[in-house]
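The next block holds one structure in the form of structure tokens; read it before the comments.
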Amino acid sequence: MPGNKKTINSKILNDIQNKNDNNITNNNIKLNGSKTSDKKEINYLSSMTEVIDKDKKYKEKKLTGEQKINLLRTIIKIRRFEEKTIQLYQIAKIWGYLHPYVGEEAVAAGACAAIDRHDYIVSTHRGHGHSIAKGADLNRMMAELFGKATGYCKGRGGSMHIADTELGMLGANGIVGGGLPISVGAGFSCKMEGKGRVTLCFFSDGATNNGVFHESLNMAAIFKLPVIYVCENNMYAISMSVCESVACKDIAKRAVSYDIPGVIVDGSDPEEVYFAVLKAVLRAREGLGPSLIEAKTYRFGGHHPNDPAEYRDKKEAEYYKTEKDPVKNYKARLIDEKVVTIQAIEDMEKQIMQEVENSVKFAEESPEPSLEKFLEEVSGI
Amino acid sequence: MPGNKKTINSKILNDIQNKNDNNITNNNIKLNGSKTSDKKEINYLSSMTEVIDKDKKYKEKKLTGEQKINLLRTIIKIRRFEEKTIQLYQIAKIWGYLHPYVGEEAVAAGACAAIDRHDYIVSTHRGHGHSIAKGADLNRMMAELFGKATGYCKGRGGSMHIADTELGMLGANGIVGGGLPISVGAGFSCKMEGKGRVTLCFFSDGATNNGVFHESLNMAAIFKLPVIYVCENNMYAISMSVCESVACKDIAKRAVSYDIPGVIVDGSDPEEVYFAVLKAVLRAREGLGPSLIEAKTYRFGGHHPNDPAEYRDKKEAEYYKTEKDPVKNYKARLIDEKVVTIQAIEDMEKQIMQEVENSVKFAEESPEPSLEKFLEEVSGI
Amino acid sequence: MREIEYREAIREAVIEEMNRDPKVFLIGEDIGKYGGAFRAYKGLLDMFGPERVINTPISESAIIGAGIGAAVTGYRPIAEIMFIDFTTLAMDQIVNQAAKIRYMTGDNLRCPLVIRTQGGAGRGVAAQHSQSLEAWFYHIPGLKVAMPSTPYDVKGLLKTAIRDDNVVMFIEHKMIYLLKGPVPEEEYTIPFGVADIKREGSDVTIFAYSNMIYKALEAAGQLEKEGINVEVFDPRTLVPLDEEALINSVKKTNHLVVVSEACERGSVASDIAVKITAKAFDYLDAPVKIVAGLNTPIPYNSTLEQASIPHAKDIVKAVKEII
Amino acid sequence: MREIEYREAIREAVIEEMNRDPKVFLIGEDIGKYGGAFRAYKGLLDMFGPERVINTPISESAIIGAGIGAAVTGYRPIAEIMFIDFTTLAMDQIVNQAAKIRYMTGDNLRCPLVIRTQGGAGRGVAAQHSQSLEAWFYHIPGLKVAMPSTPYDVKGLLKTAIRDDNVVMFIEHKMIYLLKGPVPEEEYTIPFGVADIKREGSDVTIFAYSNMIYKALEAAGQLEKEGINVEVFDPRTLVPLDEEALINSVKKTNHLVVVSEACERGSVASDIAVKITAKAFDYLDAPVKIVAGLNTPIPYNSTLEQASIPHAKDIVKAVKEII
Ligand SMILES: Cc1ncc(C[n+]2csc(CCOP(=O)(O)OP(=O)(O)O)c2C)c(N)n1
Ligand SMILES: Cc1ncc(C[n+]2csc(CCOP(=O)(O)OP(=O)(O)O)c2C)c(N)n1
Ligand SMILES: [Mg+2]
Ligand SMILES: [Mg+2]
């Protein structure tokens, strides 16, 4: 598998070399914007804006129309799926904890587009987007949220524990940061196997303050494991603002502690995410070790469907929803680029809505897990 | 207490401002030597040498003769105490785990000279030097190592758990990194009290790879706690070389993750340690938050008295013992500077040896803890 | 008497103690503006300011460490771990540091620290948010363990916990925060190690705690209709345990059922059962019966989740088996 | 039969399994050149190279996580936590991740992971290096718990652990690494959940495991002189537990003493006692007796340390109390 891939990889690597020169490298820190500032909005916006402006060039190259359309489809699929789960949660068809990914779709879409089907991903409590982007079956996902026997976990796990061996999806996680050490093991596995497989590990800003973040990145770095650490900095950990919780101004800077590349990207732009992750993936496949990518993004809603998010500045949320909506923006861009027509998008939307509705139907019609089987199984644990 | 101290502090701070410009600050990494290199000795030596050469100037100022003599006394006292405990361990008067501090004396001596008696320290499994430098009573220390009722912990703790409220010594620790989170609490305490008190937290290279290091420094930084983090990088964690365990080349660099100063000093030079810590202490007392100081040092012996340290390069150990012995070097320097005479040093050695011998006598003659009392106490836990 | 919610009783206890003693402070995740995951600290940030209501990053070890360091230097912190499941991220600090520091330093350092957390199943939040882990802490010398079931108890016990010079694991239950009960306006505290008979009876003693008290009371109601008179015994604190009161209850009823929501294997219920079997052997007319959770990670599916924990019907069945 | 040390038996098991299955690898602290804290892995780095003998920084959570991630993707790691006391730093990974991953994913992911560690007192290494914490793991569904006492058992059980598709807590004891015992040259494995009678007897059954087996055998020797015939029962694995064999032993002897080095409150001993009391009630001529450690952090002072854990004399006393 890695044979000819390697040469191709090197070529692509060269091609996109000049992108993302906002890398943080060990010897030479060079970070965009985000100076210490009292106004956090400005703090954030500036750093993202700079990245976008500086890297205009990549827009004209690389991605084929088909790739772009696939990205758009994934983004819309995640959005529609999440909107549906929120509705279903509010009418108590889904219960327990549900953490919607609305607003962050471009991160999962862009990142997963940069890996292959046989690569692994490690996900979080806000994990639906990751699963969908990795190619999960909406039916089995929705069935899991309904607690049904046909769900990915046979109804045992629910939203926070969706996992699938086939898919290389090593699990959502109810523990913040809980997946980070697991990514190290997946990384060892990829490395020992020696076939160029990589692991993509998602987590958000809050997780970067937990000890496991540090242990995991250090260990991955020491052993040059092929793991790509994608931090979805959505600015909050429940009510805790990243400005108050992360002592350094940009999470990507923490790469310095592990002597690995640290990159900041605009998480509302799937192509920017894609190229940054692709570069890290190629690096990883060539045995050069892990990277840390900080995707600046935003959780459009509260922490969960019933959280009014009163701790946030309304203007801040408004800004992101109007200016940084990955669905709206990417649609507009692809129309602008004449990659798709409005009609094609409408068709796509319809098809996706159908798929989502089908998943609900599937979930509703699926059987409950068998209590007898469960009791029998438990007697053996 | 802090009233006039503050102005004095500011003055001293100014005076020593130009020292330690090997600070690692957030926006501008500037690190001495220690390039990625295959030869680890050179890697190490170069970084230390540079610091020493660049900062020659401080040698001519600041410390009074008395202060220098006190530093020397502390260094010698630690060395003689440790040599004695190793002897006693080998004849089984002391048992359990014993981790000698031989070779690292200048770190504890220099660091503790920069704080006041009412300040706190948090120590490690290799903690005798910290206690002695903080002013511990050798009798009670030795009695503890003998497991006697007169020991600091009434014989309950032994070497790894020496602690004393009076002394502001918040505990040695059997868990690597176990003291780091505790330092955060001591820091909160100092801050809430509002009297300018600070906490000095010791740990070695191995601890910096544990998650608690990360959580603790991040939390201390966020809340601008007056804690000085002194990493005694003695190049090994049992058999694990720091070159293999710490992903970045210098531990001080990890300060970047917390947006705090990171400083490298030669841990064999008590004055260099003193000035770096003093600067951090003054910063902390003024409410500017924590600092990370990496003292490059070396454990002359094995991890414990019975460890032949076969995992180390003999030449490396030889180099440190001959070139970087804090006892030998500092004696020579003070004689050179005409701060002490050879005779004065001999007197000092004699006096210290007497103190150490007295402590052994005290420990031997002390009573065993009462079994009855213990059993009574246990019934209430 | 006025009735207030369990979480409101917690809030009152905290406010009263913070007003009484300037050394008391709060530290934990989302306890600032958010008021805590279950809103027990609503408004406290405004009342006491960010110096005494310390909102932290997701750093469970550092939260407990912060509590320990402040406690050994004279403060009286209440550190919060949002779910008992997350104590797994701070076990070194809880077990090797906090619990032992007083004993292994020969009483040289003292650690008056309260660790507030909550556990239990019933909300469909699955395997990593539904555990009952009190057995771990029960097993560790140096930790007191309080598990209050009512608003009255939670207020009185929390005030006692805050004034205690040792480490207290204060374990609440996620299903009862909104439950209301009588709480006097006047100040009161409840001593540790003093059980409360939640219902008097003469035929059988049901030992239960935390949310299981309500299952026991429900079972008692059902059994009454069948002429079985049940005593519901709430230890309120597991460490220290009011063994004397329990033995006295058993002397009266001659039958004991021990209920715990936790997984049956190695649960606190076994330990209680063994102790009472040994100490009240002559008063027992039948072996002590245990009712506990299944040995399984709590499943998400509601039917399976409910099947994993004890209900009134299970207690009724157990009582009938020994009576 | 040849006699080899306990640690040598571990080493042999690991070598055989690594040779048999290329998916088996080792990860932990100081297991490279150093050969492990108790030198059970001496020479393995040279034999298998750094890709399969992975020497890590002091990062207990990442060590277990590395095991989990590799296990769910097809490898069979043996992760080592140097002292059971340090599992406190990896409890989330052990308990919330490894133990549950198979069940909460509906068997979608499997985690064939062995966690090797050691516990126990007796070396003067004080409160943070001497604990017996098996009760914690015993309480968590999804973990198997092996506690071998002899070189023969440790080899056979470790091989079985490595081949098991689930998570195994493999808990050794620091006092017996140098102990020698017969181990055949030929390959063998020992199934989990099959107890071993370490000494046959007819008057009383002593249930003991790990280092306590030796105290039990010592007690049996002393009691024999007084005409009391003791059966020493070694479960070898606590989860799964060979209840049937234990009940059979009790049917024969009609008396049971359960010994555990761990702190008495909430120890595994209570749970065993309760189970057997319930299931073999009619065969017991006296209440089950427990002999366990004091409820104290282990002190450094040798006299106090020894006073904190059970000895043969305590077992003798317990036997005499019920016979
Ligand atoms: C170890 C741990 N601590 C606390 C929690 C409770 N909790 C659930 S989500 C969350 C916030 C997570 O923030 P972040 O990592 O930024 O993820 P996001 O919700 O923004 O996606 C918290 C504190 C948890 N699940 N695990
Ligand atoms: C959490 C933890 N893991 C492992 C150990 C075993 N251990 C004791 S000392 C040591 C090495 C510590 O290295 P370092 O932090 O560099 O301190 P040094 O011994 O060099 O002073 C280890 C691994 C421990 N005590 N605690
Ligand atoms: Mg977030
Ligand atoms: Mg070291």
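First the proteins, then the strands, lettered A, B, ... as listed; each starts at 1. Atoms considered below: every heavy atom in the structure, side chains included; atoms not considered: hydrogens, waters and symmetry mates.
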What's the shortest heavy-atom distance between D92(C) and G178(B), and which atoms?
OD2-CA, 4.1 Å

Could you look at I64(C) and say if it's the side chain, the backbone, both or neither that has a heavy atom under 4.5 Å from chain B?
neither

Quick one: does L170(B)'s side chain get under 4.5 Å of T73(C)'s, heavy atoms only?
yes

Tell me which of these, N218(B), V378(B), I182(B), has more heavy-atom pairs under 4.5 Å with chain C than the rest.
I182(B)

Show the nearest heavy-atom pair for residues P181(B) and A62(C), with the distance to one decimal.
CB-CA, 4.1 Å

Please determine, among V184(B), L225(B), V212(B), D164(B), the option with the most heavy-atom pairs under 4.5 Å with chain C.
D164(B)

Using heavy-atom distances under 4.5 Å, tell me whether F25(C) contacts chain B through its side chain, its backbone, both, or neither.
side chain

Cut-off 4.5 Å, heavy atoms of chain B, and the answer for E51(C) is both

What's the spacing between M104(C) CE and H161(B) NE2 if we round to 0.5 Å?
5.0 Å

More than 12 non-hydrogen atoms from neighbouring residues, nucleotides or ligands closer than 6.0 Å to CD on E193(B), yes or no?
yes

Would you say P57(C) and M219(B) make side-chain contact, with heavy atoms under 4.5 Å?
yes

With a 4.5 angstrom heavy-atom cut-off, could you sort out which part of E377(B) is near chain C: side chain, backbone, both or neither?
side chain

Any non-hydrogen side-chain atom of N173(B) less than 4.5 Å from a side-chain atom of Q97(C)?
yes

Need one label for L180(B): side chain, backbone, both or neither, based on atoms under 4.5 Å from any heavy atom in chain C.
neither

Can you tell me if CD on E368(B) sees more than 12 non-hydrogen neighbours from other groups inside 6.0 Å?
yes

Look up atom CG in N210(B) and atom OG in S61(C), then write down how far apart they are to the nearest 0.5 Å.
8.0 Å

What's the separation between atom CZ in F188(B) and atom OH in Y75(C), rounded to the nearest 0.5 Å?
12.0 Å

Would you say that C153(B) contacts N108(C) through its side chain, given a criterion of any heavy-atom pair below 4.5 Å between the two side chains?
no

Are Y152(B) and T105(C) side-chain neighbours, meaning at least one heavy-atom pair lies under 4.5 Å?
no

So how far is it from E215(B) CD to E60(C) CD, rounded to the nearest 0.5 Å?
7.0 Å

Check whether any side-chain heavy atom of M192(B) sits under 4.5 Å from a side-chain heavy atom of K23(C), and report yes or no.
no

Quick check on F38(C): does its CZ atom have over 12 non-hydrogen neighbours (other residues, nucleotides or ligands) under 6.0 Å away?
yes

